Amino acid sequence: MTCEEAQELITALIDRELPDAERVSLDSHLRLCAHCQTVLEQEALLKQSIRETAQRVRTPNELRARIFSDQRIVAKQNRTRRQNLSPLLRRARPALAAAAIIAVLLPTLFFFRATPEPLAAAALESYDRFRSGELAVSKTENPQEIVEQLTRAVDGRFHPMGYDLTGMGLRPVAGLVRQIHGRKVLVAIYQGEGGTLFCYTFIGSEEDTPRHAARFYDAAKKMNFYAFSHGGLNAVLHREGEIICVLASEMPMEELLALARSKAKSS
Amino acid sequence: MSEEGKVASARRDAFAAAAMVHLDHLYRVAFHLAKDATEADDLVQETFVRALAAREQFEPGTHMKAWLTKILHNFFFDYYRQRKRWNSAEEASKVESPDLENFAASNPGPESHVLLKELDAQITGVLRNIPVEFREPIVLVDVGDFSYEEAAAILSCPIGTIRSRLSRGRKLMQQQLKLYVRGEPTSGTRK
(Lines give C-alpha, C1' and ligand atoms only; values in the text may rest on other atoms or scores of the structure.)
Protein backbone atom coordinates (compact mmCIF):
# COMPACT_ATOMS: atom_id res chain seq x y z
CA MET A 1 0.00 0.00 0.00
CA THR A 2 1.29 3.45 -0.92
CA CYS A 3 0.83 6.55 1.22
CA GLU A 4 -1.49 7.95 -1.40
CA GLU A 5 -3.68 4.86 -1.24
CA ALA A 6 -3.69 5.09 2.55
CA GLN A 7 -5.16 8.60 2.64
CA GLU A 8 -8.83 7.71 2.18
CA LEU A 9 -8.50 4.72 4.46
CA ILE A 10 -7.14 6.97 7.18
CA THR A 11 -10.17 9.22 6.75
CA ALA A 12 -12.52 6.24 7.07
CA LEU A 13 -10.60 4.90 10.07
CA ILE A 14 -11.01 8.21 11.89
CA ASP A 15 -14.73 8.17 11.11
CA ARG A 16 -15.05 4.54 12.26
CA GLU A 17 -16.25 3.63 8.80
CA LEU A 18 -13.33 1.45 7.69
CA PRO A 19 -14.25 -2.18 6.88
CA ASP A 20 -12.20 -4.81 8.69
CA ALA A 21 -10.44 -6.04 5.57
CA GLU A 22 -9.13 -2.58 4.76
CA ARG A 23 -8.33 -1.99 8.39
CA VAL A 24 -5.83 -4.86 8.36
CA SER A 25 -4.05 -3.45 5.31
CA LEU A 26 -3.96 0.04 6.75
CA ASP A 27 -2.67 -1.13 10.12
CA SER A 28 0.21 -2.88 8.38
CA HIS A 29 1.05 0.29 6.50
CA LEU A 30 0.78 2.51 9.57
CA ARG A 31 3.19 0.33 11.51
CA LEU A 32 5.85 1.06 8.93
CA CYS A 33 5.03 4.61 7.86
CA ALA A 34 5.69 7.48 10.26
CA HIS A 35 4.38 9.98 7.72
CA CYS A 36 0.94 8.37 7.57
CA GLN A 37 0.85 8.07 11.36
CA THR A 38 1.30 11.84 11.49
CA VAL A 39 -1.39 12.31 8.85
CA LEU A 40 -3.72 10.16 10.97
CA GLU A 41 -3.05 12.19 14.12
CA GLN A 42 -3.50 15.50 12.34
CA GLU A 43 -6.72 14.51 10.61
CA ALA A 44 -8.16 13.14 13.86
CA LEU A 45 -7.26 16.41 15.54
CA LEU A 46 -8.92 18.39 12.78
CA LYS A 47 -12.11 16.34 13.02
CA GLN A 48 -12.20 16.85 16.77
CA SER A 49 -11.69 20.61 16.32
CA ILE A 50 -14.50 20.84 13.78
CA ARG A 51 -16.86 18.94 16.06
CA GLU A 52 -16.03 21.04 19.09
CA THR A 53 -16.34 24.25 17.13
CA ALA A 54 -19.71 23.19 15.76
CA GLN A 55 -21.03 22.28 19.21
CA ARG A 56 -20.47 25.85 20.32
CA VAL A 57 -22.74 27.18 17.56
CA ARG A 58 -26.23 27.98 18.80
CA THR A 59 -29.31 29.18 16.96
CA PRO A 60 -29.56 32.96 17.38
CA ASN A 61 -32.62 34.12 19.30
CA GLU A 62 -33.50 36.43 16.41
CA LEU A 63 -33.75 33.49 14.02
CA ARG A 64 -35.72 31.49 16.58
CA ALA A 65 -38.21 34.34 16.89
CA ARG A 66 -38.33 34.73 13.11
CA ILE A 67 -39.17 31.06 12.59
CA PHE A 68 -41.83 31.02 15.28
CA SER A 69 -43.50 34.11 13.90
CA ASP A 70 -43.54 32.72 10.35
CA GLN A 71 -47.12 31.66 9.73
CA ARG A 72 -45.99 29.32 6.98
CA ILE A 73 -44.32 27.31 9.76
CA VAL A 74 -46.55 27.90 12.77
CA ALA A 75 -50.20 28.27 11.92
CA LYS A 76 -52.15 31.35 12.86
CA GLN A 77 -54.89 30.88 15.42
CA ASN A 78 -58.34 30.31 14.01
CA ARG A 79 -61.14 31.26 16.36
CA THR A 80 -64.36 29.27 16.46
CA ARG A 81 -67.54 30.88 17.71
CA ARG A 82 -69.24 28.81 20.38
CA GLN A 83 -72.75 29.13 18.95
CA ASN A 84 -71.58 27.54 15.69
CA LEU A 85 -70.19 24.47 17.38
CA SER A 86 -71.86 21.16 16.67
CA PRO A 87 -72.55 18.86 19.66
CA LEU A 88 -69.64 16.69 18.57
CA LEU A 89 -67.35 19.69 18.49
CA ARG A 90 -68.56 20.85 21.90
CA ARG A 91 -67.57 17.51 23.36
CA ALA A 92 -64.19 17.78 21.70
CA ARG A 93 -63.89 21.41 22.74
CA PRO A 94 -61.19 21.04 25.43
CA ALA A 95 -58.86 19.21 23.07
CA LEU A 96 -59.60 21.59 20.22
CA ALA A 97 -59.07 24.59 22.46
CA ALA A 98 -55.74 23.17 23.50
CA ALA A 99 -54.76 22.65 19.89
CA ALA A 100 -55.77 26.19 18.96
CA ILE A 101 -54.01 27.73 21.92
CA ILE A 102 -50.89 25.70 21.26
CA ALA A 103 -50.92 27.03 17.72
CA VAL A 104 -50.76 30.54 19.10
CA LEU A 105 -48.41 29.91 21.99
CA LEU A 106 -45.96 27.63 20.20
CA PRO A 107 -44.03 30.53 18.67
CA THR A 108 -43.21 32.03 22.02
CA LEU A 109 -42.72 29.05 24.21
CA PHE A 110 -39.69 27.28 22.78
CA PHE A 111 -36.54 28.30 24.53
CA PHE A 112 -33.18 27.07 25.71
CA ARG A 113 -32.98 25.44 29.09
CA ALA A 114 -29.92 26.20 31.17
CA THR A 115 -29.59 23.22 33.48
CA PRO A 116 -26.20 21.50 33.59
CA GLU A 117 -26.17 17.68 33.65
CA PRO A 118 -29.95 17.31 33.67
CA LEU A 119 -31.26 14.18 35.31
CA ALA A 120 -33.81 13.54 32.56
CA ALA A 121 -31.05 13.19 29.96
CA ALA A 122 -28.83 11.10 32.23
CA ALA A 123 -31.71 8.71 32.92
CA LEU A 124 -31.97 7.76 29.24
CA GLU A 125 -28.69 5.88 29.58
CA SER A 126 -30.66 2.85 30.78
CA TYR A 127 -32.70 2.85 27.55
CA ASP A 128 -29.48 2.91 25.50
CA ARG A 129 -28.07 0.02 27.50
CA PHE A 130 -31.33 -1.92 27.23
CA ARG A 131 -31.42 -1.31 23.48
CA SER A 132 -27.87 -2.54 23.04
CA GLY A 133 -28.53 -5.64 25.16
CA GLU A 134 -26.18 -4.55 27.95
CA LEU A 135 -28.96 -4.16 30.49
CA ALA A 136 -30.58 -7.40 31.53
CA VAL A 137 -34.02 -7.21 33.14
CA SER A 138 -36.23 -9.87 34.62
CA LYS A 139 -39.61 -9.67 32.96
CA THR A 140 -42.98 -10.28 34.50
CA GLU A 141 -46.48 -10.54 33.15
CA ASN A 142 -48.03 -8.93 36.19
CA PRO A 143 -48.15 -5.10 35.85
CA GLN A 144 -49.22 -4.67 39.46
CA GLU A 145 -46.11 -6.51 40.59
CA ILE A 146 -43.97 -3.93 38.81
CA VAL A 147 -45.77 -1.02 40.43
CA GLU A 148 -45.51 -2.57 43.89
CA GLN A 149 -41.86 -3.51 43.46
CA LEU A 150 -40.89 -0.01 42.33
CA THR A 151 -42.97 1.72 44.99
CA ARG A 152 -41.33 -0.40 47.71
CA ALA A 153 -37.90 0.59 46.37
CA VAL A 154 -38.58 4.20 47.33
CA ASP A 155 -40.33 3.36 50.59
CA GLY A 156 -43.66 4.43 49.18
CA ARG A 157 -42.60 8.08 48.80
CA PHE A 158 -43.82 8.01 45.22
CA HIS A 159 -44.81 5.43 42.65
CA PRO A 160 -44.50 4.81 38.91
CA MET A 161 -47.17 6.33 36.70
CA GLY A 162 -48.67 2.94 35.87
CA TYR A 163 -50.00 4.05 32.51
CA ASP A 164 -52.21 1.67 30.59
CA LEU A 165 -50.79 1.67 27.06
CA THR A 166 -52.42 -1.50 25.80
CA GLY A 167 -54.27 0.58 23.23
CA MET A 168 -50.90 1.27 21.63
CA GLY A 169 -49.80 -2.34 21.71
CA LEU A 170 -47.57 -1.79 24.74
CA ARG A 171 -47.69 -3.49 28.10
CA PRO A 172 -45.41 -3.22 31.16
CA VAL A 173 -42.86 -6.03 31.19
CA ALA A 174 -40.26 -5.00 33.76
CA GLY A 175 -39.27 -2.43 36.34
CA LEU A 176 -35.92 -0.98 37.34
CA VAL A 177 -34.64 1.38 40.00
CA ARG A 178 -31.66 3.55 39.05
CA GLN A 179 -29.62 5.77 41.30
CA ILE A 180 -28.66 8.86 39.28
CA HIS A 181 -27.12 12.03 40.68
CA GLY A 182 -28.00 10.79 44.18
CA ARG A 183 -31.67 10.42 43.35
CA LYS A 184 -33.75 7.33 42.78
CA VAL A 185 -35.37 6.98 39.37
CA LEU A 186 -38.13 4.44 38.80
CA VAL A 187 -38.16 2.91 35.35
CA ALA A 188 -41.15 1.05 33.95
CA ILE A 189 -40.40 -0.75 30.70
CA TYR A 190 -43.19 -1.27 28.19
CA GLN A 191 -42.90 -3.55 25.21
CA GLY A 192 -45.15 -5.03 22.55
CA GLU A 193 -46.26 -4.54 18.97
CA GLY A 194 -45.87 -0.81 19.49
CA GLY A 195 -42.13 -1.21 20.13
CA THR A 196 -40.41 -0.24 23.35
CA LEU A 197 -41.18 2.63 25.71
CA PHE A 198 -39.55 3.58 28.99
CA CYS A 199 -41.45 5.56 31.58
CA TYR A 200 -39.14 7.25 34.08
CA THR A 201 -40.47 8.66 37.33
CA PHE A 202 -38.54 10.61 39.94
CA ILE A 203 -38.88 13.45 42.40
CA GLY A 204 -37.64 16.63 40.80
CA SER A 205 -38.52 19.80 39.00
CA GLU A 206 -38.57 21.18 35.49
CA GLU A 207 -34.93 22.12 36.08
CA ASP A 208 -34.16 18.45 35.40
CA THR A 209 -35.00 19.04 31.74
CA PRO A 210 -32.16 19.08 29.20
CA ARG A 211 -31.18 22.60 28.27
CA HIS A 212 -32.07 22.27 24.60
CA ALA A 213 -35.48 20.72 25.11
CA ALA A 214 -38.32 22.33 23.20
CA ARG A 215 -41.06 23.42 25.57
CA PHE A 216 -44.69 23.97 24.86
CA TYR A 217 -47.62 24.73 27.03
CA ASP A 218 -50.86 22.75 27.02
CA ALA A 219 -53.40 25.37 27.97
CA ALA A 220 -56.16 22.84 28.59
CA LYS A 221 -54.12 21.00 31.19
CA LYS A 222 -52.16 24.05 32.26
CA MET A 223 -48.96 22.03 31.95
CA ASN A 224 -45.58 22.34 30.31
CA PHE A 225 -44.26 19.56 28.12
CA TYR A 226 -40.61 19.33 27.14
CA ALA A 227 -39.54 17.42 24.04
CA PHE A 228 -35.95 16.41 23.45
CA SER A 229 -33.94 13.84 21.53
CA HIS A 230 -30.88 11.92 22.58
CA GLY A 231 -28.98 9.45 20.41
CA GLY A 232 -31.93 8.62 18.16
CA LEU A 233 -34.24 8.37 21.14
CA ASN A 234 -37.17 10.75 21.61
CA ALA A 235 -38.33 11.83 25.05
CA VAL A 236 -41.08 13.97 26.51
CA LEU A 237 -41.00 15.24 30.09
CA HIS A 238 -43.78 16.66 32.20
CA ARG A 239 -44.27 17.40 35.88
CA GLU A 240 -47.13 16.34 38.15
CA GLY A 241 -46.58 18.10 41.46
CA GLU A 242 -43.13 17.16 42.64
CA ILE A 243 -43.03 14.09 40.39
CA ILE A 244 -41.28 14.20 37.04
CA CYS A 245 -42.34 11.77 34.34
CA VAL A 246 -40.27 11.15 31.23
CA LEU A 247 -41.56 8.99 28.40
CA ALA A 248 -38.78 7.78 26.12
CA SER A 249 -39.15 5.81 22.93
CA GLU A 250 -37.98 5.56 19.35
CA MET A 251 -41.48 6.39 18.17
CA PRO A 252 -41.90 9.68 16.29
CA MET A 253 -41.80 12.74 18.52
CA GLU A 254 -45.27 13.92 17.54
CA GLU A 255 -46.77 10.58 18.64
CA LEU A 256 -44.82 10.56 21.88
CA LEU A 257 -45.86 14.14 22.59
CA ALA A 258 -49.50 13.28 21.95
CA LEU A 259 -49.20 10.25 24.23
CA ALA A 260 -47.67 12.26 27.08
CA ARG A 261 -50.35 14.91 26.77
CA SER A 262 -53.14 12.35 26.78
CA LYS A 263 -51.83 10.58 29.88
CA ALA A 264 -50.63 13.54 31.96
CA LYS A 265 -52.73 14.66 34.88
CA SER A 266 -52.81 18.24 36.03
CA SER A 267 -51.36 18.69 39.49
CA MET B 1 -62.81 26.06 11.33
CA SER B 2 -64.22 22.58 10.69
CA GLU B 3 -63.46 19.66 12.97
CA GLU B 4 -61.22 18.21 10.28
CA GLY B 5 -59.47 21.53 10.02
CA LYS B 6 -58.88 21.63 13.75
CA VAL B 7 -57.46 18.13 13.79
CA ALA B 8 -55.24 18.93 10.83
CA SER B 9 -54.05 22.07 12.56
CA ALA B 10 -53.22 20.15 15.74
CA ARG B 11 -51.32 17.56 13.72
CA ARG B 12 -49.46 20.28 11.92
CA ASP B 13 -48.41 21.87 15.20
CA ALA B 14 -47.30 18.52 16.58
CA PHE B 15 -45.20 18.00 13.47
CA ALA B 16 -43.72 21.49 13.85
CA ALA B 17 -42.87 20.73 17.48
CA ALA B 18 -41.13 17.49 16.47
CA ALA B 19 -39.17 19.30 13.76
CA MET B 20 -38.15 22.10 16.13
CA VAL B 21 -36.20 19.58 18.19
CA HIS B 22 -33.68 19.61 15.34
CA LEU B 23 -33.42 23.39 15.06
CA ASP B 24 -29.93 23.62 16.55
CA HIS B 25 -28.68 20.80 14.35
CA LEU B 26 -30.07 22.44 11.22
CA TYR B 27 -28.63 25.78 12.19
CA ARG B 28 -25.17 24.27 12.74
CA VAL B 29 -25.28 22.61 9.33
CA ALA B 30 -26.53 25.78 7.64
CA PHE B 31 -24.05 27.95 9.50
CA HIS B 32 -21.12 25.96 8.14
CA LEU B 33 -22.53 25.50 4.65
CA ALA B 34 -23.56 29.08 4.03
CA LYS B 35 -21.23 31.91 3.23
CA ASP B 36 -22.46 34.05 6.10
CA ALA B 37 -24.93 34.18 8.99
CA THR B 38 -27.66 35.86 6.94
CA GLU B 39 -27.64 33.07 4.39
CA ALA B 40 -27.62 30.49 7.19
CA ASP B 41 -30.72 32.09 8.70
CA ASP B 42 -32.50 32.01 5.35
CA LEU B 43 -31.53 28.39 4.79
CA VAL B 44 -32.93 27.26 8.13
CA GLN B 45 -36.15 29.25 7.87
CA GLU B 46 -36.82 28.00 4.35
CA THR B 47 -36.05 24.45 5.43
CA PHE B 48 -38.80 24.61 8.03
CA VAL B 49 -41.22 26.17 5.55
CA ARG B 50 -40.53 23.41 3.03
CA ALA B 51 -40.64 20.69 5.69
CA LEU B 52 -44.05 21.83 6.93
CA ALA B 53 -45.35 22.01 3.37
CA ALA B 54 -44.07 18.51 2.64
CA ARG B 55 -44.90 16.92 6.01
CA GLU B 56 -47.27 14.41 4.42
CA GLN B 57 -44.26 12.93 2.61
CA PHE B 58 -42.45 12.24 5.87
CA GLU B 59 -42.72 8.61 6.87
CA PRO B 60 -43.36 8.35 10.63
CA GLY B 61 -40.72 6.29 12.33
CA THR B 62 -37.98 7.28 9.92
CA HIS B 63 -35.05 9.56 10.63
CA MET B 64 -36.53 13.07 10.86
CA LYS B 65 -33.14 14.71 11.38
CA ALA B 66 -31.86 13.23 8.12
CA TRP B 67 -35.10 14.11 6.31
CA LEU B 68 -34.89 17.74 7.41
CA THR B 69 -31.20 17.89 6.52
CA LYS B 70 -31.92 16.62 3.04
CA ILE B 71 -34.49 19.37 2.59
CA LEU B 72 -31.90 21.89 3.74
CA HIS B 73 -29.31 20.43 1.39
CA ASN B 74 -31.71 20.51 -1.57
CA PHE B 75 -32.56 24.13 -0.95
CA PHE B 76 -28.91 25.00 -0.45
CA PHE B 77 -27.99 23.25 -3.68
CA ASP B 78 -30.77 24.97 -5.66
CA TYR B 79 -29.96 28.30 -4.10
CA TYR B 80 -26.32 28.14 -5.01
CA ARG B 81 -26.91 26.70 -8.43
CA GLN B 82 -29.25 29.58 -9.20
CA ARG B 83 -26.86 32.16 -7.94
CA LYS B 84 -23.81 30.38 -9.30
CA ARG B 85 -21.93 31.26 -6.20
CA TRP B 86 -20.32 28.02 -5.34
CA ASN B 87 -16.77 27.17 -6.22
CA SER B 88 -15.94 24.19 -8.42
CA ALA B 89 -13.46 21.56 -7.39
CA GLU B 90 -10.99 22.96 -9.86
CA GLU B 91 -10.99 26.24 -8.00
CA ALA B 92 -9.81 24.64 -4.79
CA SER B 93 -6.25 25.72 -5.31
CA LYS B 94 -7.37 29.33 -5.77
CA VAL B 95 -8.85 29.56 -2.29
CA GLU B 96 -6.91 31.99 -0.21
CA SER B 97 -5.67 31.05 3.23
CA PRO B 98 -6.73 33.16 6.18
CA ASP B 99 -4.07 35.44 7.52
CA LEU B 100 -2.99 33.08 10.29
CA GLU B 101 0.40 34.67 10.81
CA ASN B 102 -1.25 38.02 11.34
CA PHE B 103 -3.75 36.44 13.71
CA ALA B 104 -0.99 34.88 15.79
CA ALA B 105 0.85 38.15 16.02
CA SER B 106 -2.21 40.16 16.97
CA ASN B 107 -3.63 37.67 19.44
CA PRO B 108 -4.39 39.71 22.54
CA GLY B 109 -3.26 37.22 25.17
CA PRO B 110 -3.38 33.74 26.68
CA GLU B 111 -7.01 33.85 27.83
CA SER B 112 -8.45 30.53 26.77
CA HIS B 113 -11.85 31.89 25.80
CA VAL B 114 -10.30 34.39 23.44
CA LEU B 115 -8.18 31.69 21.85
CA LEU B 116 -11.19 29.41 21.61
CA LYS B 117 -13.22 32.09 19.92
CA GLU B 118 -10.45 32.76 17.45
CA LEU B 119 -10.00 29.04 16.79
CA ASP B 120 -13.74 28.71 16.14
CA ALA B 121 -13.58 31.62 13.72
CA GLN B 122 -10.62 30.09 11.90
CA ILE B 123 -12.22 26.65 11.62
CA THR B 124 -15.51 28.09 10.45
CA GLY B 125 -13.82 30.48 8.04
CA VAL B 126 -11.70 27.78 6.46
CA LEU B 127 -14.61 25.35 6.23
CA ARG B 128 -16.72 27.96 4.49
CA ASN B 129 -13.84 28.66 2.18
CA ILE B 130 -13.36 25.22 0.69
CA PRO B 131 -15.42 24.17 -2.35
CA VAL B 132 -18.94 23.12 -1.54
CA GLU B 133 -18.54 19.56 -2.84
CA PHE B 134 -15.93 18.97 -0.15
CA ARG B 135 -17.58 21.16 2.45
CA GLU B 136 -20.91 19.31 2.46
CA PRO B 137 -19.57 15.86 3.44
CA ILE B 138 -17.50 17.44 6.21
CA VAL B 139 -20.48 19.37 7.51
CA LEU B 140 -22.72 16.30 7.43
CA VAL B 141 -20.25 13.85 8.98
CA ASP B 142 -18.27 16.03 11.38
CA VAL B 143 -20.85 18.68 12.26
CA GLY B 144 -24.08 16.74 11.73
CA ASP B 145 -22.73 13.41 13.05
CA PHE B 146 -24.19 11.45 10.16
CA SER B 147 -22.75 8.12 9.02
CA TYR B 148 -21.31 7.82 5.51
CA GLU B 149 -24.44 5.98 4.46
CA GLU B 150 -26.72 8.71 5.78
CA ALA B 151 -24.57 11.45 4.26
CA ALA B 152 -24.61 9.63 0.91
CA ALA B 153 -28.41 9.41 1.03
CA ILE B 154 -28.72 13.12 1.82
CA LEU B 155 -26.34 14.13 -0.97
CA SER B 156 -27.65 11.45 -3.36
CA CYS B 157 -24.20 10.11 -4.14
CA PRO B 158 -22.27 6.86 -3.56
CA ILE B 159 -20.70 6.19 -0.16
CA GLY B 160 -17.29 6.05 -1.82
CA THR B 161 -17.75 9.63 -2.98
CA ILE B 162 -18.41 10.71 0.60
CA ARG B 163 -15.19 9.05 1.74
CA SER B 164 -13.01 10.50 -1.01
CA ARG B 165 -14.45 14.00 -0.65
CA LEU B 166 -14.05 13.93 3.09
CA SER B 167 -10.43 12.96 2.68
CA ARG B 168 -9.78 15.65 0.10
CA GLY B 169 -11.78 18.26 1.99
CA ARG B 170 -9.99 17.72 5.27
CA LYS B 171 -6.69 17.90 3.46
CA LEU B 172 -7.69 21.26 1.99
CA MET B 173 -8.66 22.46 5.45
CA GLN B 174 -5.39 21.27 6.93
CA GLN B 175 -3.46 23.17 4.32
CA GLN B 176 -5.21 26.34 5.34
CA LEU B 177 -5.04 25.64 9.05
CA LYS B 178 -1.45 24.47 8.98
CA LEU B 179 -0.45 26.83 11.73
CA TYR B 180 -2.88 25.25 14.16
CA VAL B 181 -2.54 21.67 13.05
CA ARG B 182 1.22 21.90 13.10
CA GLY B 183 1.15 23.51 16.51
CA GLU B 184 -1.20 21.10 18.30
CA PRO B 185 0.95 17.93 18.41
CA THR B 186 3.59 19.76 20.43
CA SER B 187 1.09 19.84 23.32
CA GLY B 188 2.00 16.26 24.19
CA THR B 189 -0.71 14.28 22.46
CA ARG B 190 1.85 12.56 20.27
CA LYS B 191 4.15 9.79 21.24
Side-chain angles (χ1 to χ4, degrees), chain A residues 7-8 10-12 15 17 38 41-43 45-47 49-60 62-64 66-68 70 72-75 78-80 86 88-89 92 95-96 98-100 102-103 106 110 212-214 216 227-229 232 234 250-255 257-258, chain B residues 1 3 5-7 9-18 20-24 26-28 31-32 37 40-41 44-45 48-49 52-53 60-61 63-65 116 119-120 123-124 127 138-139 141-143 145 147-148 159 163-164 166-167 170-171 173-174 177 180-182 184-185 189-190:
Chain A
Q7 294 306 297
E8 278 189 30
I10 288 172
T11 297
D15 293 329
E17 295 266 3
T38 305
E41 289 170 5
Q42 290 183 339
E43 191 170 329
L45 182 64
L46 175 64
K47 180 183 174 76
S49 300
I50 294 169
R51 287 170 67 98
E52 289 175 358
T53 293
Q55 288 304 311
R56 288 189 280 271
V57 173
R58 293 279 184 267
T59 310
E62 295 77 14
L63 174 60
R64 203 171 278 271
R66 211 170 101 185
I67 288 172
F68 294 143
D70 188 334
R72 295 171 300 169
I73 300 169
V74 181
N78 291 291
R79 294 176 186 277
T80 306
S86 68
L88 180 64
L89 273 176
L96 297 178
I102 287 167
L106 203 60
F110 282 88
H212 302 307
F216 78 94
F228 56 98
S229 293
N234 290 325
E250 291 171 86
M251 71 171 64
M253 182 63 87
E254 55 269 38
E255 287 181 24
L257 204 53
Chain B
M1 183 186 280
E3 186 183 7
K6 290 280 188 185
V7 171
S9 178
R11 281 185 182 159
R12 188 181 191 283
D13 291 334
F15 187 87
M20 290 303 170
V21 170
H22 304 290
L23 176 57
D24 274 338
L26 291 172
Y27 183 73
R28 284 190 194 111
F31 182 80
H32 291 94
D41 288 358
V44 175
Q45 186 172 11
F48 276 106
V49 170
L52 265 293
H63 199 343
M64 182 179 267
K65 178 180 154 186
L116 209 57
L119 177 63
D120 286 356
I123 296 271
T124 302
L127 186 51
I138 292 175
V139 170
V141 173
D142 293 346
V143 175
D145 211 21
S147 66
Y148 283 8
I159 291 175
R163 187 163 96 170
S164 61
L166 271 169
S167 183
R170 288 185 188 147
K171 202 166 188 176
M173 286 190 71
Q174 281 176 320
L177 288 164
Y180 280 98
V181 177
R182 200 166 53 209
E184 282 290 337
T189 56
R190 282 181 157 194

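Quantities reported herein were computed from a predicted structural model and do not represent experimental measurements. Order of the sequence lines sets the chain letters (A, B, ...), proteins ahead of strands, with each chain counted from 1. FYI, side chains are in, hydrogens and waters are out, and symmetry mates aren't considered; it's all heavy atoms of this structure.
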Is it the side chain or the backbone of Leu26(B) that comes within 4.5 Å of chain A heavy atoms, both, or neither? neither
Among Thr124(B), Asp145(B), Val139(B), which has the most heavy-atom pairs under 4.5 Å with chain A? Asp145(B)
Who pairs with Tyr27(B) by ring-ring contact (aromatic ring centres under 6.0 Å, His included), at least two apart in sequence or on another chain? Phe31(B)
How long is the span from the CG atom in Leu177(B) to the CD atom in Gln42(A), to the nearest 0.5 Å? 11.0 Å
Checking side chain to side chain contact (heavy atoms under 4.5 Å, CB included) for the pair Asp142(B)/Asp15(A): CA distance, chi angles, key distance, verdict? CA-CA 9 Å; Asp142(B) 293 346; Asp15(A) 293 329; 4.0 Å; yes
Side-chain touch Arg163(B)/Glu17(A), heavy atoms, less than 4.5 angstrom: no
Answer with side chain, backbone, both or neither: which region of Ile50(A) has an atom nearer than 4.5 Å to a non-hydrogen atom of chain B? both
What part of Ile123(B) is in contact with chain A, defined as an atom under 4.5 angstrom from a non-hydrogen atom: side chain, backbone, both or neither? side chain
CD/Glu43(A) to CE/Met173(B) distance, rounded to the nearest 0.5 angstrom? 11.0 Å
CG on Asp41(B) to OG1 on Thr59(A), rounded to 0.5 Å: 9.0 Å
Sequence neighbours excluded, the answer for side-chain contact (heavy atoms from CB on, under 4.5 Å) partners of Lys171(B) is Gln7(A), Gln175(B)
Heavy-atom contact with chain B under 4.5 Å, split by part of Glu250(A): neither
Any side-chain to backbone donor/acceptor pair from Arg28(B) onto Ala54(A)? Under 3.5 Å, distance only. yes
Arg64(A) vs Leu23(B), test: side chain to side chain contact (heavy atoms under 4.5 Å, CB included). Steps then yes/no. CA-CA 9 Å; Arg64(A) 203 171 278 271; Leu23(B) 176 57; 3.7 Å; yes
